[in-house]
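Atoms within a ligand are numbered from 1 in the order they appear, just like the ligands themselves. Here the structure is a predicted model, which means the values were calculated and not measured.
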Amino acid sequence: MKKITIAIDGHASTGKSSLAKKIAKKFDYIHVNSGSMYRAVTYFILKNDLQNLVESDVNELIKKLQNNPIEFKFDNNSNIYEIYLNKVNIEKKLNDLKVSDYVSKVAAIPEIRKELVKIQREIDRSNGIVMDGRDIGSIVFPDAELKLFLTASAKVRAKRRYSEMINAGVNVNYSDVLENLKKRDTLDSTRKDSPLIIVKDAILIDNSNLTIDNQIQYISKLIRSKQNI
Ligand code: C5P
C-alpha cells in the first residue's frame, strides 16, 4: 500500500493538529505540526527580547536563530515530532497567549519562512506523513496526494480553544482567545509571502458541527482511496 503525504491547512484553532495526530496514529504515519516551528521562533524572540530585530534587522535575527538551533526530535513512543530549542524541549511553552499574539507577525517574515520550510522539506516522507499548518498544500508539499483545508465558525473555534486552555490550567479570557484567532486569520491570509489560501485541489471541511470521530471517518476513506492508487 502506498504511503502518502497529507497536507492539512486551515484557519486558527480548527483542530488541525489534534486531527493530524490521530490520523497519523491510525495509519502509522508521522505527524509534524509546522505551526510549532513558527511558535518556537516566536518563543525564542520573546524570551530574549528581540522584537526590535523583527522590526529593524531580520538578518541579525536569523544569525541569532542559527546559533540557537530549533530542532524537531522524533519521539518513537508517541510517533510525534517534538520541538527543541538549544536541546531543551519547549513543546509546553508554545501555546502561551503571548506567543499566539506575536506569532503571525513572525510568520510573515520571508527569511524566517525560508529557513523553516527548508527544515520541513528535509523530513523523511517515505513512511507516510501528516503535516499541518497554513502553507503545506500550497508551498511546502504542493505534490501532496491529499490536501485538506479545515475551517469552522470563529465562535466555535474560540470556544474549543478556550476550553482546551482552561483544561490545561491556563488562565485566559474567552474574548481574548476569540480576538487572537480572528487577528491571526487576517494576518495569515493577507501576508505577501505564502498566505493562507485554499488551493484548488484541496478538500474543504467545515467542522463547526462535526465531531473529531466524524472527521476521522471521512478523512480515512479519502486516505484509503489515495493509498490504493
Ligand atoms: O498552527 P498554529 O496555530 O500553531 O500556528 C501558529 C501560527 O504560525 C499561525 O497563526 C501562522 O501565523 C503561523 N504558521 C504559518 N505557516 C505554517 C504554520 C503556522 O505561517 N505552516
Side-chain angles (χ1 to χ4, degrees), residues 5-21 23-24 31-46 54 58 65 70 72 80-83 85 90-123 125 129-142 144 147-152 154 156-158 160-162 164-165 168 170 172 176-199 202 205 207:
T5 296
I6 303 166
I8 306 186
D9 292 302
H11 291 119
S13 299
T14 39
K16 297 182 292 295
S17 283
S18 311
L19 188 62
K21 206 177 284 175
I23 289 170
H31 165 227
V32 178
N33 171 358
S34 67
S36 65
M37 302 176 75
Y38 292 91
R39 287 177 180 270
V41 173
T42 306
Y43 171 74
F44 172 77
I45 292 170
L46 296 176
V54 171
V58 171
L65 280 165
I70 288 169
F72 267 128
I80 288 168
Y81 276 92
E82 295 207 325
I83 204 133
L85 170 64
I90 55 162
E91 198 68 29
K92 291 206 160 57
K93 313 271 187 198
L94 303 180
N95 286 316
D96 193 290
L97 206 51
K98 283 193 193 113
V99 172
S100 301
D101 264 339
Y102 201 61
V103 63
S104 291
K105 185 159 183 158
V106 173
I109 302 172
E111 291 86 344
I112 288 185
R113 302 202 68 81
K114 200 172 150 213
E115 295 285 318
L116 298 188
V117 168
K118 186 167 163 270
I119 301 174
Q120 291 153 14
R121 287 188 179 141
E122 278 166 2
I123 293 171
R125 293 197 271 159
I129 189 170
V130 190
M131 191 179 287
D132 68 280
R134 301 293 187 290
D135 61 343
I136 312 305
S138 58
I139 304 287
V140 182
F141 300 137
K147 299 181 186 179
L148 305 172
F149 188 100
L150 261 56
T151 190
V156 166
R157 290 186 279 138
R160 288 183 193 150
R161 185 82 179 146
Y162 173 73
E164 246 174 50
M165 293 177 86
V170 185
V172 281
D176 288 346
V177 174
L178 178 64
E179 197 186 311
N180 170 263
L181 62 89
K182 282 186 180 168
K183 188 178 95 183
R184 279 198 287 141
D185 285 347
T186 305
L187 288 173
D188 293 343
S189 310
T190 55
R191 69 183 175 218
K192 281 210 179 85
D193 187 359
S194 319
L196 173 66
I197 51 162
I198 309 179
V199 289
I205 300 176
N207 65 20

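Judged as a salt bridge (Lys or Arg N to Asp or Glu O under 4.0 Å), and not counting sequence neighbours, the contacts of Glu164 are Arg161. Annotation: salt bridge (Lys or Arg N to Asp or Glu O under 4.0 Å) contacts of Lys114 (sequence neighbours excluded): none. Residues that satisfy the side-chain hydrogen bond (donor to acceptor under 3.5 Å, both in side chains) test with Tyr38, not counting sequence neighbours, are Arg113.
Ion pair Asp96/Arg39 not flagged as a salt bridge, since none of the NZ, NE, NH1 or NH2 atoms sits closer than 4.0 Å to an Asp/Glu carboxylate oxygen.
Under a 3.5 Å cut-off, the side chain of Asp9 and the backbone N or O of Asp135 do form a donor-acceptor pair.
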Check ligand 1 for close polar pairs with the protein: N or O on both sides, less than 3.5 Å.
unit_1, atom_1, unit_2, atom_2, d
ligand 1, 1 (O), Arg134, NH1, 3.0
ligand 1, 3 (O), Arg134, NH2, 3.0
ligand 1, 3 (O), Arg184, NH1, 2.8
ligand 1, 4 (O), Arg39, NE, 2.7
ligand 1, 4 (O), Arg39, NH2, 3.4
ligand 1, 10 (O), Ser104, OG, 3.4
ligand 1, 10 (O), Arg134, NH2, 3.3
ligand 1, 10 (O), Arg184, NH1, 3.1
ligand 1, 10 (O), Asp188, OD2, 2.7
ligand 1, 12 (O), Ser104, OG, 3.0
ligand 1, 12 (O), Asp188, OD1, 2.6
ligand 1, 12 (O), Asp188, OD2, 3.3
ligand 1, 16 (N), Arg113, NH2, 3.0
ligand 1, 20 (O), Arg113, NH1, 2.8
ligand 1, 20 (O), Arg113, NH2, 3.3
ligand 1, 20 (O), Arg191, NH1, 2.8
ligand 1, 20 (O), Arg191, NH2, 3.1
ligand 1, 21 (N), Ser34, OG, 2.9
ligand 1, 21 (N), Arg134, N, 3.1
ligand 1, 21 (N), Asp135, OD1, 2.8

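The nearest pair of heavy atoms linking Arg121 to Ile139 is NH2-O, 2.6 Å.
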